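In this text, all values refer to a predicted model and were calculated from it rather than measured experimentally.
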Amino acid sequence: MQRPSRSLALCAVLVALAGACTGKHAVSDGSGGPQRGGLAQPGANHLLRAADRIPAPAIHGETLDGQPLDVASLKGKVVVVNFWASWCAPCRAESPRLVKVANDTAPLGVTFLGIDFKDERSAARRFVEVHDVPYPSLFDQPGVVLTRLRKLVPQYPPSTVILDKRGRIAALFVGGVTEAGLAAPVRELAGEPA
């Protein structure tokens, strides 16, 4: 019986993601399925129900500073994973919003992780320095990490995936995030039991 529910959850996520290809947020309406048309409406809850969440694929690699990092080691925490690149104009625009939410939710035990996509390490380091980014970023020059999520997010930045405390995909944003749009689901997930 596990297989059908897992398949249904995957279908719900994929249907929601089909709406994401239009540049809107993919979400649940609280009934377990995506909202009508698969698109988020202003003020909508951006979280998938816990029963509809699927485990995130492996996300690991080397940070911009050369340190190994594996998201699996962060189970028990809400993890916000943002795909970005220094050459991406929407990434530059959303960076202050991500930094603000990261700083505001750090006391709640929320962890942020950037995935620098198809970039030069020196340009990525400058980006992090200029934007005062307080969290680490994996250096994914070949795009390997993003490829692991190819069925879930577009293969270009920016995209943001929020993982719940059990390492499951709980929310997805395609395109730049707003501070309020990101903070609400992150805070809600931080309040969920592990």
Return the minimal non-hydrogen interatomic distance between K165 and L189, and the atom names on each side. CE-O, 3.7 Å
What are the two closest heavy atoms between V161 and L163, and how far apart are they? CG1-CD2, 3.8 Å
Judged by modelled atom types alone, do S159 and W84 share a side-chain donor-acceptor pair under 3.5 Å? no
S86 and D119 side chains, donor-acceptor separation under 3.5 Å: yes
Pair E62 + R121, salt bridge at N-O below 4.0 Å: yes
Considering only NZ, NE, NH1 and NH2 on the basic side and carboxylate oxygens on the acidic side, decide whether R53 and E192 come within less than 4.0 Å. yes
Do you know which two heavy atoms are closest between Y135 and F112, and how far apart they sit? CB-O, 3.3 Å
Minimum heavy-atom distance P107-D104, with the two atoms named: CD-O, 3.5 Å
Would you give the length of the straight line joining atom CG of N82 to atom OG1 of T160, rounded to the nearest 0.5 angstrom? 4.0 Å
pair W87-P157: side-chain heavy atoms closer than 4.5 Å: yes
Is any side-chain heavy atom of V128 less than 4.5 Å from a side-chain heavy atom of L64? yes
Correct closest heavy-atom pair for P158 and E94 would be CB-OE2, 3.2 Å
